[in-house]
Amino acid sequence: MLQAAAGKGKSTTKKTAPARSTSSKPKVHDRYLEAFRWMLLSRILEEKLASLYRGGMIVGGVYLGKGQEAVSAACGMFLQKGDVFGPLIRDQAGRSAFGEPLIDVVRTYLGSVKGPMRGRDGNIHRGRPQENQLAMISHLGAMIPVMVGKLMAKRMKGEKGFVGLTTLGEGGMQTGASHEGLNIAAVEQVPLVVVVTNNHWAYSTPNEREFACANLVDRAIGYGYEGHTIDGTDLNACLEVVETAVKRARAGRPPQLVVAEVLRLAGHGEHDDASYVPPEMKSQPFAQDPVARTEKFILENGLLDANALQQMRAEISRQVDEAVSMAQQEDAPHAREEDWRGLSTSPLIDNPSA
Amino acid sequence: MSVTYLEAIREAQTQLLRDDERVFIYGQDIAGKFGGAFKATKGLAEKFPGRVLNTPISEDAMVGTAIGAALEGMRPIVEMQFADFSSIALNQILNNAGTHFFRTNVPVPITVRLPSGGTKGSGPFHSQSMEGLYSHYPGVVVMTPATVEDAYTMLIDAVAIDDPVIYCEHKYLYYHLKADALPKESFPVGKARIVRPGRDLTIVTYSAMVHEALAVANELRNDGFEIEVVDLRTVKPLDTATVLASVARTGRLLAVGEAFPWGGVTAEVIARVATEGFHLLDAAPARINAKDTPIPYHPNLWSEHRPNRKSIAVKARQILAE
Ligand SMILES: Cc1ncc(C[n+]2csc(CCOP(=O)(O)OP(=O)(O)O)c2C)c(N)n1
């Protein structure tokens, strides 16, 4: 549901009621089932990670994307070879859809030396920057200009037809860095999609202590973006809107801002019981579980039968278990074998006891 | 021909843009006919269309963008309008660029130019020397050229280095320093240079303070003292070996820096000599820095806030008397 189009300087953002399907056969995005598989993979993998965390097998934090799987999956699915993805905290579904190997995730959480971060960084901070998956730093908003630079450089090198997509929470959208990054992207007119997922909480802080505008998508006009809103629990809407935004960015339209509404269905991290979320919020429409909602839709509309769904689950669980047992057998880093190099240029490494 | 320190920086950038298509310059007011607050890029935007780009006043995003471009194979140079404003970009420089190689094994070849140091009347927010602060963090190289020749070759070296480089260019030296010609070869990055040999006292310093130290060395020569002046050139990595070798010759150490006194480059120099060369010292090592207040506006205050010939000479005599 494209809700608003704010071209450079001229258009306005307007909100329309979500379209309701009246026909008996609802319109289904042709990649709906594929998306569901990424959602389910994310859910099953994250459940496994949470249980490893509870069992003391993962140090540091575990941050779940529970509640955000539909919008996140959509973020990864319309990117092609040569496109760049800048995922954030709750993007397991999108990372997998973009092509991040399952084993990368598990190795990073378990600290295997074979993982992309080799025990030097953990959890959601993983990435493969040379394969166009940026490795986020914690500081929220910092990855937006990095994405802008990637896209500018591609343009300078003469590449064509590429886009970048980066994600953000509504909390992270309030940093100075986010403002600078969103603005410079529009100044540079790079082919960028920014997907902000408002899960109503930034750790324990509710929306009313985060921002005071009516709707975050209204900022699209201010930045010179085209803006879209979606019900982030509705997979079909997520696929349509993100696909549209990606297409528009690819076609040379201004940067695209997508704002999805969901509820974070887990704690901030697995250490957090989220007891600050008022019970009445959990019955709001945006609080629906997108995985359950999608599954119900699939069954009710006969896209798959219960058997096939069960098979899909079993298959994913098996893959997750295999990845975990593989990573568990791999070496952890050793302080004595670590080279402790903070620079790639060996002769320039400062050595106080040289 | 004579070349100023500022012209050397401009010439280095001209060559970099000419010889390496991966290079572009990103900063505030650097493009068009204007060519930067200090004119370090004057004429370059016209000569190299699309490669000298004005940015919004967004230091964080400027560096973030440079990081992204570097990851995509470019060699961006970011010009901060003043070193002081790079505080806004500390996060991108130190937490993003500075951690990236360690975390991902992919280095980030960006060069961030910081017009640094005090000039008359510039006040608390246009005078800072931030080399100590940057050096404290891992993952960056910090250059502090003191001569026209180094300003030129070290900037070219900076862009060639695969890791993030903080290039601290001193604003006072921009117009005050001149050389006859630009050098063909560069002194190795990371090596300190003995700019004046001596036998009685080693003054270890860098950037504009090298010239203050040389003036003091000339003054004290009249009293029969031969002071050795070591120009660190890069403060990170710090060439401890050259410093220790000098102290081995003189037995006395004075470290001088224009930055604030707590911690920093001079403290690091003394710590290294004290821990690794204690037996070489015939007197307690000493250091002089700026005062521990914001940098004052009025020249009467400013000239006493920073180390100067007088304060360096007084301290040098004290050490020599021990
Ligand atoms: C600049 C910055 N300040 C504080 C934090 C600590 N922190 C990590 S996640 C988080 C909440 C983020 O909320 P939001 O952006 O809405 O994303 P969500 O966690 O809800 O997905 C905070 C405060 C941080 N990572 N970065």
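Protein chains get the first letters and strands the later ones, always in sequence-line order, with residue 1 at the start of each. Just so it is clear, the model here is predicted, and its values are computed rather than measured.
- Using a 4.5 Å cut-off between heavy atoms, A/M136 contacts chain B through its backbone alone, with no side-chain atom that close.
- Classification of A/D83 and A/R250 as a salt-bridged pair holds, one side-chain N sitting under 4.0 Å from a carboxylate O.
- Heavy atoms of A/H125 lying under 4.5 Å from chain B belong to its backbone as well as its side chain.
- Ring pair A/H268/A/Y203 is parallel by interplanar angle, where below 30° counts as parallel and above 60° as perpendicular.
- In terms of heavy-atom pairs under 4.5 Å with chain B, the best-connected choice from A/V148, A/I137, A/D339, A/N183 is A/I137.
- Only the side chain of A/P129 comes within contact range of chain B, judged by heavy atoms closer than 4.5 Å.
- Using a 4.5 Å cut-off between heavy atoms, A/D350 touches chain B through backbone and side chain atoms alike.
- When side chains are defined from C-beta on, B/D150 counts as touching B/D231, because their heavy atoms get closer than 4.5 Å.
- Of the charged side-chain nitrogens involved, none lies within less than 4.0 Å of a carboxylate oxygen, so that A/R126 and A/D91 do not count as a salt-bridged pair.
- The most heavy-atom pairs under 4.5 Å with chain B, out of A/R128, A/M147, A/E180, come from A/E180.
- Contact annotation for A/M152: only side-chain heavy atoms (C-beta onward) come within less than 4.5 Å of a heavy atom of chain B.
- Taking A/V84, A/L151, A/L348, A/T345 one by one and counting their heavy-atom pairs under 4.5 Å with chain B, the maximum is reached by A/L348.
- Judged purely by distance below 3.5 Å, without hydrogens or angles, the side chains of A/R341 and A/S346 pair a donor atom with an acceptor atom.
- Heavy atoms closer than 4.5 Å to chain B are found in the side chain of A/N132, but not in its backbone.
- Contact tally against chain A (heavy-atom pairs below 4.5 Å) for B/N91, B/T55, B/T234, B/V63: the top residue is B/N91.
- In this model, no donor atom of one side chain and acceptor atom of the other lie less than 3.5 Å apart for B/Q92 and B/E59.
- Among the candidates B/N96, B/V189, B/D162, the residue making the largest number of heavy-atom pairs closer than 4.5 Å to chain A is B/N96.
- Counting heavy atoms from C-beta outward, A/S72 and A/T167 have side chains that stay 4.5 Å or more apart.
- Ranking A/P347, A/S344, A/G342, A/A153 against chain B, the residue ahead of the rest is A/S344, based on heavy-atom pairs under 4.5 Å.
- Of the charged side-chain nitrogens involved, at least one lies within less than 4.0 Å of a carboxylate oxygen, so that B/E268 and B/R272 count as a salt-bridged pair.
- Per-residue counts of heavy-atom pairs under 4.5 Å with chain A were compared for B/V106, B/I67, B/V141; the largest is that of B/V106.
- Taking the charged nitrogens against the carboxylate oxygens, B/K236 and B/E131 have no contact shorter than 4.0 Å, which rules out a salt bridge.
- Among A/M143, A/K154, A/H179, A/E188, the residue making the largest number of heavy-atom pairs under 4.5 Å with chain B is A/K154.
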